[in-house]
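Here is the structure we will look at, set down as structure tokens.
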Amino acid sequence: MEMGEIERKLKSHEERLSSHGRELDECRDRIVQLETTDRFRADQMTRIEGKLDKQSGKMDSLSVQISQVQSAPAKEKADKWDKVTWYVLTAVLGAIVGAVLTQMGLG
């Protein structure tokens, strides 16, 4: 091999090494950027999950409150019907007792 050919090959190899060195530097910079972005996204996800947990708790609480509000009118109606039933039964029993006493001559 001639000296000129060796020098050309050496120069070519040096250029390739420099090129590969720049590529490695770019890859390292990109990896650092990706790791930073990944940490940021992980922090965001953690905050979002925390907020979702809070919202879920609030939704559960609201669901219980809604159920209580919805059952309140039904309970009031049931209480009213219980009172009406009590008054009717009292009146019927009073009438029966009055009829029995009248039949016995006490009324």
Side-chain angles (χ1 to χ4, degrees):
M1 233 192 260
E2 291 183 26
M3 190 62 145
E5 187 179 339
I6 292 174
E7 287 176 358
R8 277 192 315 271
K9 286 186 178 186
L10 181 61
K11 184 178 179 183
S12 172
H13 287 298
E14 285 177 356
E15 288 174 357
R16 290 187 72 192
L17 280 173
S18 295
S19 175
H20 288 310
R22 284 190 301 275
E23 288 174 358
L24 285 173
D25 290 342
E26 290 172 5
C27 287
R28 186 174 345 174
D29 291 343
R30 184 66 182 140
I31 287 171
V32 168
Q33 288 175 346
L34 289 172
E35 288 174 343
T36 301
T37 302
D38 187 49
R39 279 192 300 273
F40 176 74
R41 294 212 191 293
D43 290 342
Q44 278 183 323
M45 288 302 292
T46 300
R47 285 192 304 271
I48 289 171
E49 288 172 350
K51 289 179 181 180
L52 285 174
D53 287 342
K54 285 182 182 178
Q55 291 299 324
S56 178
K58 288 179 182 178
M59 292 297 289
D60 291 343
S61 174
L62 288 174
S63 177
V64 168
Q65 290 175 0
I66 288 171
S67 295
Q68 290 172 346
V69 168
Q70 287 175 337
S71 68
K75 185 177 179 184
E76 289 175 13
K77 287 181 182 178
D79 288 344
K80 287 179 185 177
W81 280 111
D82 286 345
K83 287 180 183 178
V84 167
T85 303
W86 175 251
Y87 292 139
V88 169
L89 285 176
T90 303
V92 169
L93 286 176
I96 292 172
V97 169
V100 168
L101 289 176
T102 303
Q103 290 291 327
M104 294 173 56
L106 298 175

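Basis for what follows: all heavy atoms, side chains included, without hydrogens, waters or symmetry-related copies.
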Could you tell me which residues satisfy side chain to side chain contact (heavy atoms under 4.5 Å, CB included) with [X], sequence neighbours excluded, listed by chain and number?
| X | result |
| --- | --- |
| Val97 | Leu101 |
| Asp79 | Lys75, Asp82 |
| Glu23 | Ser19, His20 |

Salt bridge (Lys or Arg N to Asp or Glu O under 4.0 Å) partners for Glu5, two or more places apart = Lys9
Taking only distance into account, with no hydrogens and no angle test, what donor-acceptor pairs under 3.5 Å do side-chain atoms of residues 10-17 form with protein atoms, sequence neighbours excluded?
none

Name the atoms and distances for all side-chain donor-acceptor pairs under 3.5 Å in residues 83-90, with sequence neighbours left out.
residue	atom	partner	partner atom	Å
Thr85	OG1	Trp81	O	2.7
Thr90	OG1	Trp86	O	2.7

Sequence neighbours excluded - salt bridge (charged side-chain N to carboxylate O under 4.0 Å, His left out) pairs with any residue from residues 44-61 = none
Are there more than 12 heavy atoms of other residues, nucleotides or ligands under 6.0 Å from atom CD of Glu2?
-> no
Listing, residues 28-42 side-chain donor-acceptor contacts under 3.5 Å, not counting sequence neighbours, or none:
residue	atom	partner	partner atom	Å
Arg28	NH2	Asp25	OD1	3.0
Arg30	NH1	Gln33	OE1	3.2
Thr36	OG1	Val32	O	2.9
Thr37	OG1	Gln33	O	2.9

Backbone N/O of Leu52 and side chain of Ser56: donor-acceptor pair under 3.5 Å = no
